[in-house]
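Note that these values count all heavy atoms, side chains included, but never hydrogens, waters or copies made by symmetry. Order of the sequence lines fixes the chain letters, A, B, ..., with proteins taken first and strands second; residue numbering starts at 1 for each chain.
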Amino acid sequence: MLQCIFLLTDSGEVMLEKQLTGHRVDRSICDWFWDHVLSQGDSFKLMPVIASPTHYLFQIIREGITFLACTQVEMAPLMGIEFLCRVADVLTEYLGGLNEDLIKDNFVIVYELLDEMIDNGFPLTTEPNILREMIAPPNIVSKMLSVVTGNTNNMSETLPGATASCVPWRTTDVKYANNEVYVDLVEEMDATINRDGVLVKCEIYGEVQVNALLSGLPDLTLSFANPSILDDVRFHPCVRFRPWEANQILSFVPPDGQFKLMSYRVKKLKSTPIYVKPQLTSSAGICRINVMVGIRNDPGKIIDSITLQFQLPPCVLSADLSSNHGTVDILTNKTCTWSIGRIPKDKAPALTGTMVLEAGLDCLNVFPTFQLGFRIMGIALSGLQIDKLDLRVVPNRLYKGFRALTRAGEYQVRS
Amino acid sequence: MFTQFGATADTLSKASSLVFRIGTDAHLYDDPEDVSIAPLLDSKFDSEKCEALKRLLALIAQGLDVSNFFPQVVKNVASQSLEVKKLVYLYLLHYAEKRPNEALLSINCFQKDLGDPNPLVRAWALRAMAGIRLHAIASLVLVAVTKCARDPSVYVRKCAANALPKLHDLHLEEHTSAIEEIVGILLNDNSPGVVGAAAAAFTSICPNNFSLIGRNYRNLCHILPDVEEWGQIVLIRILLCYVIAKHGLVKESIMSSLHCTDGSHSEKDDSDVNFAFGDTADMSSSYNSEISNVISRSYIEGLDEYLTRSSYTNQLSSDLSDAQFTSGKSNEDVKILLQCTSPLLWSHNSAVVLAAAGVHWIMAPRDDVKKIVKPLLFSLRSSRASKYVVLCNILVFVKAMPYLFLPYYEDFFISSSDSYQTRALKLEILSSIVTDSSIPSVFKEFQDYIRDPDRRFAADTVAAIGLCAQRLPKMANTCIEGLLALTRQDSLTTDVGPENGEASVLIQAIISIKSIIEQDPLSHEKVIIQLIRSLDSIKVPASRAMIIWMVGEYSSLGDIIPKMLTTVLKYLAWSFRSEALETKLQILNTAIKVLLSAKSEDLWTFKRLFSYLLELAECDMNYDVRDRARFLKKLLSCNFGSEGLEEETNSLTTNKDLHVLLEHLFMKQTKLTSSGPITDRFYLPGSLSQIVLHAAPGYEPLPKPCSLLYDDLGRFSNVVQGTTMLGEKASYSDSSGTHDSNAYGSLDEESASNYISQQSITGSSDSGGSDDSASEGDDNPVPLIQMSDVGNAGNNQNGDSQSDYADMGELMSKRALESWLDEQPDSSKLSTSKQSPVRRSSARISIGNIGHRVKPKSHTLLDPTNGNGLKVYYSFSPEVSMISPLLVCLEVFFENCSSEAMSEVTLADEEFNKALGSADQASITAESSLSSHNDVPTLVPMEEIVSLEPGQTTKRILQVRFHHHLLPLKLALHYNGKKLPVKLRPDIGYFVKPLRMDMQAFIDKESRLPGMFEYTRSCTFTDHILELNKDKVAANVDDATGLCLRFSSEILSNSITCLITITIEGKCSEPLSVSIKINCEETVFGLNLLNRIVNFLVEPSPNNL
């Protein structure tokens, strides 16, 4: 069982500590942790499970904030990690983002949330819907109200009804004048293109996001036209397993508002919408770089927000890069970002430039990997199609909306 | 350069954040103490109270101690505002343990709140009440939990389930059964949310009480998909353990490799894996049956068994019989478990997926295990942290069943966002699942990885290439070509410096080449030649040394290499002076190897070269090189005769022995390193121990298959009834019996050899001896301690302890310590002239047998007022049972205080009798109970006392097995045909027995039990002062600082070593501060023992001499 949770800033300052059990954990564990981060660098920071001399630590990092949980006894490590992720998600949702200031400014809410989410080291209420009813999220209205009245009550006086229902994710009495339900397919394309320009791996990681604004206790079924292309799926707890096992139909009572109904994976796609052709040639300590980006298979919709990011190799002393379209930025940590936006019709965007190598190095021996980012509205590249969405009891006024979006996930091109 | 811009950006962001910070609690966090908090707390406005509490919370968050506000805060617990309440609770729970007395003030409010109509208020009150963890209110909390466990609100019941572990943490024995009963009730709840929390409580309170599960196993399985995700994780594990304990392992599963290794091959071959094995199938299946055997074995066996098992082979089928396996196809419980866990593989929580996958891994028939593969791979996408944990677990699966993951090798290709640890894991997985059909694309990937900017990763890739080539000999040539190309290319850039990442890649490349060559040197002759040729361009010393080693190793291989030798050796001799240390040493070694295997025509050249090298080496700057040179020269001068190096032939024959010696020294390295036994230890999938690769405290392996007895199940309800009755009994026997709580008497510690580093007293061995004889008669304290110099102490001490050992009096009382402290001034008088200057030399103290001095404390089992005049009391005896190490010996005294005779007095195990029923109760003997239960009986049946006359006292020796070192044992006392339940309380001090160990072994052992296995507590010891004052001894040696007593012992039941170190600081005449340290693998036992010792030391001794 978890014994303590610490929230650390990216400079190692402890912002919050929440002791969970009678076995008090001293703050010095954070000093130990931070000493090791400083001495061992990022690879330590990326270790999710650490065995310190006195405690086992689980850590996740979100937006520069380190969530650190301690335990001294055997427990499922993924439980600790997933719980921290859930805390981070809930905090992000409550505070409208996650950073040092937001947490410090709303520390009372963070404490109240943590206290409600975990009891004696075991998760208690983690369902965002119920939490939102128990502890009001800070919003502009409540802030203004508190300024005016000086009263900052954000605790609910009653227990949310959902805690007792058999569908704990849904609040009990929801009323909407207009019943609306929106289904979004949000897909991320993961692709790896190797040095020879061969597509090694290309797959889609997709999510079905639903925004259900429905009265009462609606019972929905969602079916796909081509469920056979799905390689694997994961569901929100509200999805009933039986109908999926039998007919591959999603049957569920949705939570109120926005939620992630399912995530899926489609493997072995054959083509990508965009090509990236990097060329690096080096001689006598100078390396010439030339990257071409263009549309390979037109998906029929506009591809925008195209960016190309890469890390200059450590042996590069300086770089002079320019492009015929879009802007190029080089940060101090040698991260280079080329924002292209949309691909123009008349020319193929190209990035050219030279890089000066370290003294004594004639040609480049390590090569950067290019990360491509893009966004295509209105299409799911996996080809997954929603067949229909039904409600068991159709309310008088109902609007159903469907959207699709594909963006780049881990889309990398090696050079 | 852009500082101004940066500054404006900074102020801008500050300004913007200021806007957003209006209305938040920002000012409270930034400046919590800008107003005085105390008056706000006493304000009558809730909003002001709120603000004050928030300020306190901010101070807590910043790590400050604000417990001084405790009394004022506690008052506010009565507030009607829920927000104030919540904040007060937050504060209260943070400090309650520090201020127990003030915390008690809040209890009334909690009790009032527990009756509140608002379930939220009830739940919070219960949470806070249980959360303050005070022994004093434990029984109140228990009542509250019992009430809340039947609350109409699900949320309150859930909180009740969560409160149970808090209560259990207080270690109150009398509540144990009641707590377990509530767990049972909550596990039976209709609401999935409650069941999840109850499952968590079950795991932390009574993970082995499977009777609770057995009653509603089916229900739990059906409710599992609806339980909250966190509860699912725990419940899955409970169900798995239950099924194994009840039905045993599944015959068709991976665990069956424990049972029959031969069958595994055939089964595996006809398993319908839709993947072409190629010719690696045989290899991989034989390879994995060995590992899967080790894996499944380590799932079941505990740490102690693992340590005692010397080798993993030969005893495969011996310890698991056929009966411990069940068929997954016919057993309903197993089928249901697999059925209800398989949809959980679709959960969006990776922890649930992994837990469900673990069940299938262990229980599912081998052919069905493949259904866990896709979900596991999918969960790699969830988050960076869980990716690492999942990969760690996949690695184990891959090792045991590589074929499962063969088609999915692409999922393990490295992405540029992976952390180094993740990449290393992926490489290891890739190199173990690669096959002839997938190697081309994997190899292509590897070539890309070598160009990665992270050179550490590139080096790992090179190592992985080596591993792949060893697994797939067909690919060896391709791999070696790639590696050779790497050495050529890299060698151009390696002037940069040895700490450069390139060097590590190059070294790793040579290591990989070397290991590939070792497999089949003959066919790789050309590779060796190429490497030797490249010596000129390779500059990294470690890789040069390795190539030079190859020259020596394969000097007689093939046709070409022997011809090159002269040139190579000349080159080495030429470059010797400029080489690095390791290369120089390797050159010398190689030269002598060449010399030894040389044909006669070249011998002369070699000798010349060698003597030249020797000369160079003898004048080297480095010691090692000079030493090596002299050593070789000496060896050779014997070998080749003193006449010089010319007359080789006859001297070779005369000194044949030496020649053999030389060959052994230098030529025997060609032996292939056979894959040794797998020494890794594996832990259950999804466990913390598997990630950190050691058994974390509290790690439990799977229960022993079929360890659950069938009659355990039906019995439970009886027991519950029995215990409630017993509980009442116990409560008042408590107050009389154990209140004057030295009742525990003597703690047994071992003291065969104690070392201190404080004083050295010479000649005290004989004086000690005389003391011994002199004082034995009178009442003076017997010299418990003999101090002697290390030099002459040996025999004396040995004799001493040997005799002690013989009469079992070796068990020492803790009293020895205090007596020693009293004795100290005495013995120092004997050698006043010597004691102070020789501080550092270590003296040896042997603590004599004081068994006769310390009277074992007796505990009351039955009060004459309860027992109609029968008084039963018992004391622990230091003897070790002859029947089983699990048994503890007790001396039980039966005294008849009444005026009538009593008959048929006997003590028996209550539960045992119940289980067997009254019919055959009479026929129970020690033998039959031993064999029927396959286990040690709780109580070795005692000889019945036929009759007990008034005033008569009879003594019986009882051998008892306590189920737990803290929990009392329920026994039934029969007399006059009546039956009375009694409780026997264990004393943890008697659960250890001495273990002889010398100082070095002690320290070694201690260093092997660091971190989690080490617990320390400090206390002050005042007991000796009284005695000191009584004796009025001029204390010459006052300072006892640095005195360190070490006791080594071993836990009776499982023979786990338990080390106790007591360090003393302070002056003899004042209270001493004592710190006690325990090193023990049994965490819980160690902690309890530590507490016991501390309590013992702190308590004033009742009978000061």
Side-chain angles (χ1 to χ4, degrees), chain A residues 14 16 19 22 27 43 46-49 51 53 56 60 73-79 81-82 85 101 104-108 111-112 115 119-120 122-123 143-144 146-147 150-151 153 155 157 159 163-164 192 194-195 201 205 232-236 241 265 313-314 365-367 369 410 412 414, chain B residues 17 21-26 29 47 54 57-58 61 63 82-83 86 90 94 119-120 127 133 154-155 162 165-166 169 200 230 233 343 346 348-351 354 374 378 381 383 385-386 388-389 410 413 415-417 419-421 448 451 453 493 686-689 691-692 696-699 1011:
Chain A
V14 185
L16 273 180
Q19 303 284 345
R27 255 174 203 238
S43 71
L46 296 175
M47 288 275 284
V49 182
Y56 298 105
I60 64 157
V73 292
E74 167 71 43
M75 65 173 285
L78 265 187
M79 184 156 140
I81 290 167
E82 287 282 327
C85 290
D101 283 341
K104 283 184 177 174
D105 295 353
N106 299 291
F107 73 98
V108 176
Y111 260 117
E112 286 168 350
D115 193 57
D119 182 18
N120 198 34
F122 190 77
K143 280 181 193 170
M144 286 309 151
S146 73
V147 170
N151 186 6
N153 192 355
M155 299 297 301
E157 296 282 324
L159 188 69
T163 51
T192 305
N194 76 2
R195 187 153 56 112
K201 172 170 109 168
Y205 169 82
D232 199 19
V233 287
R234 301 176 88 172
F235 298 123
H236 188 273
F241 293 129
R265 189 165 124 145
N365 60 335
V366 295
F367 295 87
T369 301
E410 285 182 352
Q412 46 187 347
R414 303 201 187 107
Chain B
S17 72
R21 293 176 79 171
I22 290 174
T24 66
D25 301 318
Y29 190 92
S47 60
K54 282 179 180 175
L57 208 55
L82 275 189
E83 174 152 49
K86 184 86 195 173
L90 281 172
H94 196 85
L120 199 59
R127 278 180 68 186
R133 287 165 227 269
V154 173
Y155 187 71
N162 275 333
K166 301 179 194 170
D169 266 0
W230 316 109
I233 303 166
W346 291 329
H348 70 155
N349 187 323
S350 316
L354 186 57
K374 277 186 177 179
F378 196 8
R381 189 67 166 70
S383 79
S386 40
Y388 172 78
V389 177
E410 281 179 349
F413 284 173
S415 139
S416 56
S417 63
S419 70
Y420 173 71
Q421 286 87 359
D448 279 5
R451 295 150 63 103
T493 63
S687 67
L688 175 61
S689 306
I691 308 297
V692 295
Y699 174 80

**Student:** Is B:I691 in contact with chain A via its backbone, its side chain, both, or neither, using a 4.5 Å heavy-atom distance?
**Tutor:** side chain

**Student:** Please rank A:D119, A:T192, A:V73 by heavy-atom pairs under 4.5 Å with chain B and give me the top one.
**Tutor:** A:D119

**Student:** Quick check on the interface: out of A:M47, A:M79, A:Q19, who has the most heavy-atom pairs with chain B under 4.5 Å?
**Tutor:**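 Top count of heavy-atom pairs under 4.5 Å with chain B: A:M79.
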
**Student:** Quick one: which of A:T369, A:D115, A:V49, A:V14 has the most heavy-atom pairs under 4.5 Å with chain B, could you say?
**Tutor:**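 Ranked by heavy-atom pairs under 4.5 Å with chain B, first place is A:D115.
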
**Student:** Which region of A:R265, side chain (C-beta onward) or backbone (N, CA, C, O), has a non-hydrogen atom less than 4.5 Å from a non-hydrogen atom of chain B, or is it both or neither?
**Tutor:** both

**Student:** Between A:P313, A:A76, A:P123, who has the most heavy-atom pairs with chain B when the cutoff is under 4.5 Å?
**Tutor:**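 Max contact count across the listed options: A:P123.
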
**Student:** To check you understand the geometry: which heavy-atom pair defines the closest contact between B:A385 and A:I60, and what is its length?
**Tutor:**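 The pair with the smallest heavy-atom distance is CB-CG2, 3.9 Å.
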
**Student:** Checking heavy atoms, do the side chain of B:E410, its backbone, both or neither come under 4.5 Å from chain A?
**Tutor:** both

**Student:** Could you look at A:L16 and say if it's the side chain, the backbone, both or neither that has a heavy atom under 4.5 Å from chain B?
**Tutor:** both

**Student:** Does the Lys NZ or Arg CZ of A:R195 fall within the cation-pi geometry relative to A:F367 - under 6.0 Å from the ring centre and within 45° of the axis?
**Tutor:**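 Here A:R195 fails the 6.0 Å and 45° test against A:F367.
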
**Student:** Looking only at non-hydrogen atoms, find the nearest pair between B:R127 and B:K86 and report the distance.
**Tutor:** NH1-NZ, 4.1 Å

**Student:** Ignoring hydrogens and geometry, is there a side-chain-to-backbone donor-acceptor pair from B:S689 to B:A696 under 3.5 Å?
**Tutor:**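 Yes.
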
**Student:** Chain A heavy atoms under 4.5 Å from B:N162: which part of the residue, side chain, backbone, both or neither?
**Tutor:**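 Both the backbone and the side chain of B:N162 come within 4.5 Å of chain A.
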
**Student:** Checking B:S383 against chain A: side chain, backbone, both or neither under 4.5 Å from a heavy atom?
**Tutor:**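 Contact with chain A is through the side chain of B:S383 alone.
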
**Student:** Based on non-hydrogen pairs under 4.5 Å, which of B:S417, B:S350, B:G63 is most in contact with chain A?
**Tutor:** B:S350

**Student:** Using every non-hydrogen atom in the two residues, find where B:W346 and A:V233 come nearest and quote the distance to one decimal.
**Tutor:** CD1-O, 3.3 Å

**Student:** Select one option (side chain, backbone, both, neither) describing which atoms of A:F235 are under 4.5 Å from chain B's heavy atoms.
**Tutor:**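 For A:F235, backbone and side chain are both near chain B.
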
**Student:** Measure A:R414 against the heavy atoms of chain B and call it side chain, backbone, both or neither at under 4.5 Å.
**Tutor:**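 Interface part for A:R414: side chain.
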
**Student:** Using every non-hydrogen atom in the two residues, find where B:V389 and A:P77 come nearest and quote the distance to one decimal.
**Tutor:**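 Here B:V389 and A:P77 meet closest at CG1-CG, 4.1 Å.
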
**Student:** For each of B:L90, B:I233, B:N349, tally heavy-atom pairs with chain A at distances under 4.5 Å, and name the one with the top tally.
**Tutor:** B:N349

**Student:** Specify which of B:S415, B:S386, B:A58, B:G698 makes the most heavy-atom pairs with chain A at under 4.5 Å.
**Tutor:** B:S415

**Student:** B:S687 versus B:Y699: any side-chain heavy-atom pair under 4.5 Å?
**Tutor:** yes

**Student:** Taking side chain as everything from C-beta outward and backbone as N, CA, C, O, which of these in A:Q412 sits under 4.5 Å from a heavy atom of chain B? Side chain, backbone, both or neither.
**Tutor:**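 The side chain, not the backbone.
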
**Student:** Please give me the minimum heavy-atom distance between A:I81 and A:P48, naming the atom from each residue.
**Tutor:** CD1-CB, 3.9 Å

**Student:** Find out whether B:K54 and B:E83 are in side-chain contact, i.e. whether some heavy atom of one side chain is under 4.5 Å from a heavy atom of the other.
**Tutor:** yes

**Student:** Which heavy-atom pair separates B:L688 from A:E74 by the least distance, and what is that distance?
**Tutor:** N-OE2, 2.7 Å

